[in-house]
Amino acid sequence: MGAVKVLVTGGCGYIGSATARWLSQRGAAVTVLDDLSEGHRSAWDGEFVELDLLDRDALHQWAERKEFDGVIHFAARCYVGESVQQPIRYWRANVVPVIHLCEVMQGVPLVFSSTCATFGDPLTPTLAEDHPQNPVNPYGATKAAVERLLRDREEAGEGAFAALRYFNAAGACPSGEHGEHHDPETHLIPLACQAALGRRDELTVFGTDWDTPDGTCVRDYIHIDDLASAHEIALRRILDGGSSGAWNLGTGIGVSVKEILDAVGECLGSPVPFVEGPRRLGDPECLVADPSLAKAELGWKASYTDIERLISTAAVWHQNHPEGYSS
Ligand SMILES: NC(=O)c1ccc[n+]([C@@H]2O[C@H](COP(=O)([O-])OP(=O)(O)OC[C@H]3O[C@@H](n4cnc5c(N)ncnc54)[C@H](O)[C@@H]3O)[C@@H](O)[C@H]2O)c1
């Protein structure tokens, strides 16, 4: 990566902290900005500023004395259900910070955390970049809107961008430094690990009558170190003058909820207690990436394609961090 100066917003969060560490280990000078609304201060021990991106004046004041080669913007609110209940909060939380950042970082290339939720209900078995973007919840809509904003900015010559649309981010750094700690936790793998370790009651499997091999929903789980490497490559591309764009980041392999529970149980030597519940409104049956464009244009592909290997990193993190970052 070399000595580029990178601002990582949301760098005390799950994916942001893993990426900040990844870039810093490869020679980048990383500054993390986070308001700690969701993130954990102990997730990052380098250069840090505690700042809320919604506070335009504070951001302007702080950024006046700084110069960055690139920005990686992770900071956002990320709970789909909450976004349905509080849409205005989500539009404000996920769009306004990008406007503020673009105002203070004129011309600076920006890598953006987008999501497969920008696509809405899949029309094809795997999702490529040209799949229509019809988000079905405010969270996905805010992310699609930011992609549009960044395209407009780029077309006006005000800064290159890379929108990286993650599928289900998962796993922990093999070094044991970074893992998943959301509050409340809504993601399947941490919930399953905590249930198998007896730290929470059984979990609910939402729907066992889907048209999938075992009746449960199928998702594409992408390891956080694979996401980190994609950010490094995408940032390098736009810093070097390569064209802007959007890329889907997944393994291309679908894994069912039951397969995840089996793998977690196997890894931790204790079955995951679960109950079967009804389908959840708005859950697509199957969400799997077609990652061919990222391979062709970025030269990136996932290295964690074996779900047991990915889950073992998460299992170790949860065994060693019973209280997450508070442990
Ligand atoms: N986790 C996933 O599976 C997934 C999938 C697709 C996309 N994403 C996107 O990736 C990004 C990171 O996700 P994550 O799971 O690491 O989330 P996270 O909640 O762990 O991290 C987000 C970080 O942003 C910070 N933040 C939020 N609002 C802020 C503000 N106004 N000013 C400063 N800091 C602020 C939070 O404190 C937190 O540390 C998000 O943009 C999310 O939408 C995540």
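Just so you know, these numbers come straight off a predicted model, no measurement behind them. Just follow the structure's listing: the first ligand is 1, and inside any ligand the first atom is 1.
Evaluated by nearest non-hydrogen atom to atom 41 (O) of ligand 1, the leading choice among His73, Lys143, His181 is Lys143.
Within the 4.0 Å heavy-atom criterion, the part of Cys78 lying near ligand 1 is the side chain and not the backbone. Proximity of His182 to ligand 1, defined as any heavy-atom pair under 4.0 Å, is confined to the side chain (atoms from C-beta onward). Looking at Asn94 against ligand 1, nothing comes within 4.0 Å, counting heavy atoms. Only the backbone of Phe167 comes within 4.0 Å of ligand 1, judged by heavy-atom distances. In Ala93, neither the side chain nor the backbone holds a heavy atom less than 4.0 Å from any atom of ligand 1. Proximity of Leu51 to ligand 1, defined as any heavy-atom pair under 4.0 Å, is confined to the backbone N, CA, C and O atoms.
Residue Asp34 places a heavy atom less than 4.0 Å from ligand 1. Residue Ala43 places every heavy atom at 4.0 Å or more from ligand 1.
A salt bridge does not link Asp262 with Lys258: none of the charged nitrogens is closer than 4.0 Å to a carboxylate oxygen. Under a 4.0 Å N-O distance rule, the pair Arg279/Asp283 does not qualify as a salt bridge. Between Arg165 and Glu129, none of the side-chain N atoms (NZ, or NE/NH1/NH2) sits under 4.0 Å from a carboxylate O, so this pair counts as no salt bridge.
In this structure, Arg41 satisfies the cation-pi test against Phe48, with its NZ or CZ atom closer than 6.0 Å to the six-membered ring centre and inside 45 degrees of the ring normal.
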